[in-house]
Amino acid sequence: MLFSSAIFLFLYLPTFLVIYYIIPRDWRNAFLFFASLFFYAWGETLVVLILLLSAFINFFAGRLIEQGQRKTGLLLSLIGSLSLLVYYKYANFLFNSLKSIAKLLMIPGADEINLAEIALPIGISFYTFQGISYTLDIYWGHIRANRNFLDYGTYVAMFPHQIAGPIVRYADIAPELTKRTVTIEKFGSGAERFIIGLAKKILIANTFAGVADVIFSAPTTSYSTATAWLGIVFYALQIYYDFSGYSDMAIGLGKMLGFDFKENFNYPYIAHSVQDFWRRWHISLSSWFRDYLYIPLGGNRRSRVRVYGNLLLVFFITGLWHGASWNFIVWGLYHGLFLLIERAGLSKRLLRVWPPVAHVYTLLVVLVGWVFFRIDNLSDAINYLQKMIGVGPVVTVEAFAPSYFMNIETVVILLLGILLATPIYNRFHQWWMRRAPYFPARLVSDSLYTVGLLALFVTTIMYLAADTYNPFIYFRF
C-alpha cells in the first residue's frame, strides 16, 4: 500500500486516524502496531512475518545484552538480522554472480543449477538497520532495553516510516513510545507536511518520471546528447522529489500521531562538494553508516590509508544497501572514490574557488552517478554515459529530440522543480514572517496559505485520479 494510493488516502488513513483518536491512550501503541502489520500484509500477505521475526530477534537480543550476556545478545542480533537481509535481498544476486563465475571458468553443470526467485519483503533494509542500531545502542550503554515487546514492535513496525524511511532510531523516539501528546497545531503541521510531500510526489516526481522513463527505455540511437542530459537531469529531480516527498509524508504522519522523526533531506542539489551532498541526501542513512560502521572502524583516527579503506568500505556497503546489483555497488564506490579525492586535498581547493564552480562540479559528479543508479546493467549505463559525452552509436532517426518532451506543463514543473530544490522559497517564507509578524497581515497571509494548501491537495488528488502512472523508486529498498 503506497501513501499516494487512493485506498490509503481515502480508506486506510481516515479510518486509522478516527480509531486512533477515539480509543484510550493506553491502547494506542497496540492499535498502531496491529494496524501497521495490516498495512504491510496488504499485498505482501505472510511476508510480514519476516518483520515480526526480525523484531523478536532484536527484542530478545536487547534483553540478553542488558542481562549481562552482552556478546551473545549482540551476535544474535547481528547474525539474525543480517541473515534475513542477506537471504531475502542478496541470495539471488550472490547465486547469479557465482553462477556467472562458474560459467566463465567452464565448470561442468554450472548452467543447470538454478535458484527460484526470492521475494523481497518491503522495508527489510530499514527495519534491519533499526534493529541493529537498537541492540548496538544497548551494547554501548546509550539506551536501556525495552521490556515491553508491544512498545518495541510498535517502533519497528510503525507504518509511517517503515517502507522507505527515514531510518528512525529507537533512542530518538523512545520517550514518545511511552508518552506523547498531539496538539491541534502539531496535527495541523503534520497534515501540512503530508500534503506537501504528496504534492511533491504526484505533481513533480511523476511528471519527471514520465520523461525520464521514455528516454531511458529508448535505444541510444534514437536521441541526441542533449536528450541524454535531459533524461538524467529529469531522473535526478524525479528521485529527489520521489524520495524527499515520501520522507515529508512520513514525517507528517509521525507528527499526526505524536512522533517527531528527524529530517532526511536538506537541499542536496545545492551542495558544494560530494561530501556536502552526503550531509544533505538521505541524512538518516548517512548518519547511520557514520555512527554504526565508519566510527567503529576507527573513523578519522586511523592512518590515512586505513581511513581511505574505511570510506571505500562504507560506500561499497552504501551501494549494496540500495540494491542487489553490481550497478549499485559501482554507484557506491564511485561516490566513495570522489570522497577520497576530496579528502586528499580537493575539498580545500573547492573552498577557495568561485562557489558556482564547486557547485557545478558536485552536480556533474552526482548526475553521472545517477546513471549507474538508474540503469539496470553496467554495459547499458556505459552506453548512456558515452551518449552524454557525445560518443558511441550514431543517431539514425532522432525520435526523441529535447523539444519532444518540452510542453507547457513539463516546462512549468521543471522550473518549479529547480526552484524548490533550493532554499529560496524557505528563505522567502522566513523573510515574510519577519515582515508580517502581527495581526492583521499575519491573519491574511495565514488564511491565504491555508487556502493554497487546500488547493494544492485538491489538485494533487485530481492528478492522482487522472493518471495511474505512480512509480515509487525507494519502495523496495
Side-chain angles (χ1 to χ4, degrees), residues 1-2 5 36-61 75-105 107 109-133 135 153 156-157 159 161-165 167 242-243 246 282 285 288-289 293 316-333 372-381 471-477:
M1 197 185 310
L2 293 173
S5 65
S36 296
L37 294 183
F38 176 78
F39 178 86
Y40 293 118
W42 186 271
E44 294 284 316
T45 61
L46 294 179
V47 177
V48 71
L49 295 177
I50 307 303
L51 182 149
L52 279 176
L53 177 59
S54 177
F56 270 119
I57 288 172
N58 288 302
F59 176 76
F60 185 58
L75 284 174
L76 173 66
S77 171
L78 294 176
I79 294 173
S81 299
L82 294 177
S83 296
L84 290 173
L85 182 66
V86 169
Y87 176 75
Y88 283 100
K89 190 165 183 174
Y90 301 107
N92 288 116
F93 170 65
L94 291 171
F95 176 82
N96 291 330
S97 297
L98 291 174
K99 186 176 178 180
S100 297
I101 294 171
K103 286 166 67 177
L104 196 66
L105 297 174
I107 295 176
D111 249 344
E112 299 167 9
I113 304 173
N114 293 299
L115 180 67
E117 194 67 26
I118 299 170
L120 177 65
I122 57 174
I124 188 169
S125 300
F126 290 95
Y127 59 72
T128 297
F129 275 27
Q130 289 182 183
I132 291 174
S133 66
T135 51
V156 174
F159 75 88
H161 67 79
Q162 195 52 269
I163 290 182
I167 298 171
D242 187 281
F243 193 18
Y246 190 97
H282 204 342
L285 180 68
W288 195 98
F289 276 119
L293 184 59
F316 169 81
I317 297 175
T318 299
L320 195 60
W321 180 88
H322 280 83
S325 157
W326 287 106
N327 277 44
F328 289 114
I329 294 173
V330 169
W331 173 76
L333 289 174
F372 293 105
F373 199 93
R374 172 61 178 78
I375 297 179
D376 291 336
N377 63 72
L378 287 174
S379 60
D380 288 346
F472 226 137
I473 295 176
Y474 265 76
F475 186 54
R476 285 191 174 271
F477 284 177

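One-based numbering along the sequence shown.
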Legend entry - Aromatic ring proximity, centroids under 6.0 angstrom, Y90 and W321: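 They do not qualify: ring centres at least 6.0 Å apart.
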
Legend entry - Validation row, ring centre F93 to ring centre W326 under 6.0 Å: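 Under 6.0 Å, so yes.
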
To the nearest 0.5 angstrom, please state how far the [atom1] atom of [X] sits from the [atom2] atom of [Y].
X    : Y    : atom1 : atom2 : result
S325 : L378 : OG    : CG    : 7.0 Å
L37  : L49  : CG    : CG    : 9.0 Å
W331 : I375 : CH2   : CD1   : 15.0 Å
F56  : L51  : CZ    : CG    : 11.0 Å
L78  : T128 : CG    : OG1   : 11.5 Å
I132 : I57  : CD1   : CD1   : 10.5 Å

Shortest non-hydrogen contact between [X] and [Y], atoms and distance:
X    : Y    : answer
I122 : Y127 : O-CE2, 3.7 Å
Q130 : I167 : CG-CG2, 4.0 Å
A55  : V156 : CB-CG1, 4.2 Å
S77  : A61  : CB-CB, 3.8 Å
H322 : K89  : C-NZ, 4.2 Å
Y88  : P121 : CB-CD, 3.6 Å

Legend entry - Note, L320 side chain near F328 side chain (heavy atom, < 4.5 Å):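 In short, these two side chains do not touch, never coming nearer than 4.5 Å.
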
Legend entry - L76 side chain reached by T135 side chain, heavy atoms, under 4.5 Å: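 Sidechains of L76 and T135: no contact.
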
Inset, instruction - Please check if atom CZ in F95 has more than 12 non-hydrogen atoms from other residues, nucleotides or ligands closer than 6.0 Å. - result: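 Correct, the count exceeds 12.
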
Inset, instruction - Return yes if some donor-acceptor pair links the side-chain N/O of S54 with the main-chain N/O of I50 below 3.5 Å, else return no. - result: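 Not confirmed, S54 side chain does not pair with I50 backbone.
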
Inset, instruction - Consider only side-chain N and O atoms of N58 and S81, and report whether a donor and an acceptor are under 3.5 Å apart. - result: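 Indeed, the side chains of N58 and S81 share at least one donor-acceptor pair under 3.5 Å.
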
